[in-house]
Amino acid sequence: MSIIIKSPSEIEKMRIAGKLAAEVLEMIAPYIVPGVTTDQLDKLCHDFIVNVQKAIPAPLNYHGFPKSICTSINQTVCHGIPCEKKLKSGDIVNIDITVIKDDYHGDTSKMFCVGEVSPHAKRLIKITEEALFLGIEQVKAGATLGDIGHAIQKHAETNRYSVVRDFCGHGIGKNFHEEPQVLHYGKAGTGITLEAGMIITIEPMINLGKRDVKVLADGWTAVTKDRSLSAQFEHTLLVTTGGYEILTLRQEERG
Ligand code: MF3
Ligand code: CO
Ligand code: CO
């Protein structure tokens, strides 16, 4: 398998899938309040994706994942499984949405604050979102994957955080996860060169403490080994000759 350059008609379908994924994050935002369970959020997203968007929640049954979205709270790095546990004031939670529409995937995530959140958690979230956008700004035909990883790592480490190395961004299209792997650390000018028509995700996971993670007995939930807080943001991007197009941009992100 190698990197798939998308045709104009595939790109059009990816735009639609990306927009739908972004709209799920917009839909769910007002529900993320103290007392809601992540199972309730999962059901709201599932029903919206299936009944309103007429699309498919990609995580459901993906390699055995049991739910339609990922909900990763506090020290959970990624792949948190929705359950009957209630969110409480002070929690930070990543909601990761992937939808399939007309055979193509859109993948995006963001952090939400539940009630009142501590300043150190807010700072971690802010730096992580900035790191994503610094990575995105590297994207254009002729740039390398190392340029992206380097920009992200530099911003995280300058701010005394660590970059998770066990999970990465990815190519995306008809498949949820395609080549290439998009590392969130690295050296500028190294790795494969981006070409117009590639579609990738960038999804840095940044920890307040050390970078090490472990996966819980459920086989999915990845947490920081030192139990420090972790944050993540994700967008799906089209590589263009002059730069990039963010396929999962939300209204709140439009200038
Ligand atoms: N959405 C995740 C990603 O960004 C993958 C989740 S896989 C699942 O790549 F099975 F946990 F849903
Ligand atoms: Co992804
Ligand atoms: Co995702």
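The figures here come from the full heavy-atom set of this structure, side chains too, leaving out hydrogens, waters and symmetry mates. Remember, it's 1-based here, ligands and their atoms both numbered in the order they're listed. As the structure is a prediction and not an experimental result, all values here were calculated from the model. Throughout, residue positions are numbered sequentially from 1 according to the sequence presented.
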Short N/O/S contact of His170 with the Co ion (ligand 2) (below 2.8 Å): yes

Quick one: look up the protein heavy atom nearest atom 12 (F) of ligand 1 and list residue, atom name and how far away it is. Pro59 CB, 3.0 Å

What pair of heavy atoms forms the shortest contact from Cys45 to Val24, and how long is it? SG-CG1, 3.7 Å

If the Co ion (ligand 3) is the vertex, what is the angle to OD1 of Asp96 and OD1 of Asp107, rounded to 10 degrees? 90°

Measure the distances from the heavy atoms of Phe176 to every atom of ligand 1 and state whether one is below 4.0 angstrom. yes

For the Co ion (ligand 2), which N, O or S atom of Glu234 is at the shortest distance? OE2

Hey, is Glu203 touching ligand 1 through its side chain, its backbone, both or neither, going by heavy atoms under 4.0 Å? side chain

Any side-chain donor paired with an acceptor under 3.5 Å for Asn207 and Thr224? no

Once you restrict to heavy atoms under 4.0 Å, what part of Asp107 touches ligand 1? Side chain, backbone, both or neither. side chain

Within the 4.0 Å heavy-atom shell around His170, which atoms of ligand 1 are there? 3 (C), 4 (O), 9 (O)

Is it the case that the side chains of Asn159 and Arg123 hold a donor-acceptor pair, with the cut-off being a distance below 3.5 Å and no angle test? yes

I need the atoms of ligand 1 closer than 4.0 Å to a non-hydrogen atom of Glu234, numbered in the order shown. 4 (O)

Please confirm whether the ring centroid of Tyr161 lies under 6.0 Å from the ring centroid of His155. no

Against heavy atoms of Thr98, which atoms of ligand 1 measure under 4.0 Å? 1 (N)

Is the distance between the ring centroids of Phe167 and His79 less than 6.0 Å? yes

Are Asn94 and Ser109 close enough that a side-chain donor and a side-chain acceptor fall under 3.5 Å? yes

Proximal ligand 1 atoms for Trp220, defined as those under 4.0 Å from one of its heavy atoms: 8 (C), 10 (F), 11 (F)

Are Asn51 and His46 linked by a side-chain donor-acceptor pair shorter than 3.5 Å? no

min-distance protein heavy atom vs atom 9 (O) of ligand 1 -> His177 NE2, 2.7 Å

Reference residue Lys6; test salt bridge (Lys or Arg N to Asp or Glu O under 4.0 Å); the match among Glu178, Glu12, Glu245: Glu178

Heavy atoms only, cut-off 4.0 Å: how does Cys70 contact ligand 1, side chain, backbone, both, or neither? side chain

Would you check whether His79 has a nitrogen or oxygen atom less than 3.5 angstrom from a nitrogen or oxygen atom of ligand 1? no

Do Asp96 and Lys110 sit within salt-bridge range, that is, some charged N less than 4.0 Å from a carboxylate O? no

Does Glu203 bring an N, O or S atom to under 2.8 Å of the Co ion (ligand 2)? yes

Quick check: His63 with Phe176 (ring centres under 6.0 Å apart)? no

May I ask you to identify the nearest protein heavy atom to atom 7 (S) of ligand 1, giving residue, atom name and distance to one decimal place in Å? Tyr62 CD2, 3.9 Å

Does the distance from a Lys or Arg side-chain N to an Asp or Glu carboxylate O, for Glu253 and Arg250, drop under 4.0 Å? yes

Among all the protein's non-hydrogen atoms, which is closest to atom 2 (C) of ligand 1, and how far away is it? Asp96 OD2, 3.4 Å

